[in-house]
2 protein chains.
Amino acid sequence: MGEGSSRIELRADARHNRELILRAAREAFAARGLDVPMAAIARRAGLGVATLYRRFPTRESLVMEVFADQFAECFSVLDDALTDPDPWRGFRTAVEKVCAMQVADRGFTAAFLTAFPGAIDYERRRVEAERALAELTRRAKEAGRLRPDFEHADLVLMLLANNAVVAEAGEAAPVASQRLVAYFLHSFRAEGAASLPPAPPLSLHHVHRIP
Amino acid sequence: MGEGSSRIELRADARHNRELILRAAREAFAARGLDVPMAAIARRAGLGVATLYRRFPTRESLVMEVFADQFAECFSVLDDALTDPDPWRGFRTAVEKVCAMQVADRGFTAAFLTAFPGAIDYERRRVEAERALAELTRRAKEAGRLRPDFEHADLVLMLLANNAVVAEAGEAAPVASQRLVAYFLHSFRAEGAASLPPAPPLSLHHVHRIP
DNA sequence: ACCTAAGCGGACGACGCCCTCCACTTATCC
DNA sequence: GGATAAGTGGAGGGCGTCGTCCGCTTAGGT
């Protein structure tokens with residue numbers, strides 16, 4: 001560590017091809033989910049498979065890179081939510097925006113839900129995300145708008161549910177997702193809350209499956 | 001057509017092996033979902049692959065046969081629900097039971113949600129199921145317990161959601177599913193219902209995907 | 001007991017995906 | 001413009017699944 005070199009020195013054409021790969025992968029993931037063949041991505045980029053593998057030795061490394069900015073967007077959503085003076089509105093819009101991101105990009109969820117064992121940076125971010133979410137829910141509960149027995153794992157339930165609905169609904173995905181999220185938000189409200197069965201021991205970390 | 005023979009005349013050993021296959025398939029589907037290799041099912045049954053393929057030329061035919069009784073159970077659940085004097089309790093218990101069936105058997109949902117183009121009998125049953133569900137929701141709405149803007153497609157949303165949660169939660173599946181269903185039922189109640197975005201154009205028929 | 005057709009199993013070719021290896025091309029520095 | 005190391009593409013070996021083919025086994029009738 002600390003050589004300073006790392007990877008800054010890529011030849012110009014290589015750097016260009018790297019961008020082609022990322023764009024192709026982004027498109028492919030968005031359209032067909034995370035399990036598109038590596039060869040299909042390479043073909044879409046107009047490059048050979050070897051080039052793809054040299055730049056991104058594992059599928060995970062490619063996924064991580066592709067979704068880096070989506071992750072960033074996700075964090076900015078959380079930050080926005082935290083600075084909203086109305087805690088419930090913050091909570092609600094954060095949920096809505098993240099679910100809309102799932103609709104916009106089929107692969108995003110899988111990346112979001114997937115903890116790559118080796119990806120240190122991702123791990124750090126995940127912890128940050130969980131902290132932000134915890135704070136968000138704490139404040140919404142304190143304001144008396146989020147039901148007191150709401151738990152962290154409930155968001156995981158919702159993300160899984162939304163992911164499945166988006167995956168299966170095809171054309172109808174945007175409408176279906178909005179309806180689903182409205183239902184969830186309605187049942188997350190403190191108002192009229194009845195007792196619930198216990199929450200499952202799920203976390204963003206716990207749930208991981210890379211296709 | 002019209003020989004009357006059809007398949008009644010199977011040799012005794014063949015009939016026995018057929019049962020072995022069905023049992024093995026049931027176990028395999030329950031444990032790992034619908035996409036287990038055919039060879040794995042054959043091995044579990046202690047038979048050769050050819051035997052499996054001769055008896056069930058397509059994966060679908062096997063799935064249909066395996067889940068025939070689960071379908072029957074499903075219909076009896078709907079019938080019970082329809083005879084319940086309390087429409088809301090009928091609706092609620094039907095939902096809870098079907099979702100519990102999804103937990104008990106990973107493959108069941110996929111079979112439930114999958115419309116095999118050629119399976120006439122299945123198609124007829126699906127239509128029956130949809131009619132029963134329609135009646136169930138109509139009565140629950142009439143009793144003022146189910147929200148008036150509830151739609152058929154919302155059940156599909158829930159089944160998809162539950163399926164995904166069951167698939168991903170592993171050990172925690174039973175707890176996770178119960179929690180999820182409680183949330184859904186809460187938001188399906190007429191009491192405290194706020195306006196919703198429109199329902200997606202989904203039906204049990206519309207959603208079909210065989211792994 | 002014996003005949004015969006139904007039943008059986010495993011080997012096999014096809015396919016699709018993964019990932020690597022190596023001979024060829026090309027950017028970059030002098 | 002030439003040296004050289006970085007970069008490239010496609011062929012190919014490995015793997016796992018599918019579904020079929022064919023020679024052997026065995027149930028069940030006589």
Side-chain angles (χ1 to χ4, degrees), chain A residues 3-25 27-29 31-66 107 110 114 116 118 209-211, chain B residues 3-25 27-29 31-66 107 110 114 116 118 209-211:
Chain A
E3 276 120 3
S5 60
S6 243
R7 67 170 35 166
I8 331 171
E9 26 220 341
L10 262 187
R11 229 168 63 177
D13 54 344
R15 216 173 324 120
H16 178 238
N17 285 340
R18 193 168 189 279
E19 289 309 313
L20 290 183
I21 289 172
L22 285 174
R23 174 159 44 235
E27 291 169 10
F29 289 156
R32 302 208 275 138
L34 238 37
D35 55 353
V36 293
M38 294 294 253
I41 297 173
R43 203 175 334 109
R44 189 188 277 253
L47 298 170
V49 212
T51 307
L52 174 52
Y53 276 103
R54 192 172 327 98
R55 218 48 72 204
F56 303 98
T58 71
R59 187 182 217 85
E60 292 95 68
S61 61
L62 177 58
V63 171
M64 287 308 297
E65 193 72 24
V66 163
T114 300
F116 298 108
R209 183 181 62 104
I210 184 92
Chain B
E3 277 120 359
S5 61
S6 241
R7 67 168 37 167
I8 331 171
E9 24 220 342
L10 262 188
R11 228 168 65 178
D13 54 343
R15 216 173 325 118
H16 178 238
N17 285 340
R18 193 169 190 279
E19 290 309 313
L20 289 183
I21 290 172
L22 284 175
R23 173 159 44 235
E27 292 169 9
F29 289 157
R32 303 209 275 139
L34 238 37
D35 55 354
V36 294
M38 295 293 252
I41 296 173
R43 202 174 334 111
R44 189 188 278 254
L47 298 169
V49 209
T51 307
L52 174 52
Y53 276 105
R54 192 171 326 99
R55 219 47 72 201
F56 304 97
T58 71
R59 186 182 218 85
E60 291 94 67
S61 59
L62 177 58
V63 171
M64 287 309 296
E65 194 72 23
V66 163
T114 301
F116 297 108
R209 183 181 61 102
I210 183 95

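Atom NE2 of A/His16 and atom P of D/dT8 are 11 Å apart (whole Å). Rounded to an integer number of Å, the gap from A/Leu52 CG to C/dT20 C1' is 13 Å. The CD1 atom of B/Ile41 sits 12 Å away from the P atom of D/dG19 (whole-angstrom rounding).
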Legend entry - Contact letters for nucleotides 5-17 of chain C, in which S counts primed atoms plus P, OP1 and OP2 and B counts the base, heavy atoms under 4.0 Å: -BSBBB------S

Inset, instruction - Go through A/Arg18 and A/Ile21 one step at a time and tell me if the side-chain contact (heavy atoms from CB on, under 4.5 Å) criterion holds. - result: CA-CA 5 Å; A/Arg18 193 168 189 279; A/Ile21 289 172; 5.6 Å; no

Legend entry - Verdict with reasoning, A/Glu27 to A/Arg23, per side-chain contact (heavy atoms from CB on, under 4.5 Å): CA-CA 6 Å; A/Glu27 291 169 10; A/Arg23 174 159 44 235; 3.5 Å; yes

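At a threshold of 4.0 Å, the pair A/Glu65-A/Arg55 does not count as salt-bridged, since none of the basic side-chain nitrogens sits closer than that to a carboxylate oxygen.
Residues that satisfy the side-chain contact (heavy atoms from CB on, under 4.5 Å) test with B/Ala28, not counting sequence neighbours, are B/Val36, B/Ile41, B/Arg44. In this structure B/Arg11 satisfies the side chain to side chain donor-acceptor pair (under 3.5 Å) test together with B/Asp13, sequence neighbours excluded.
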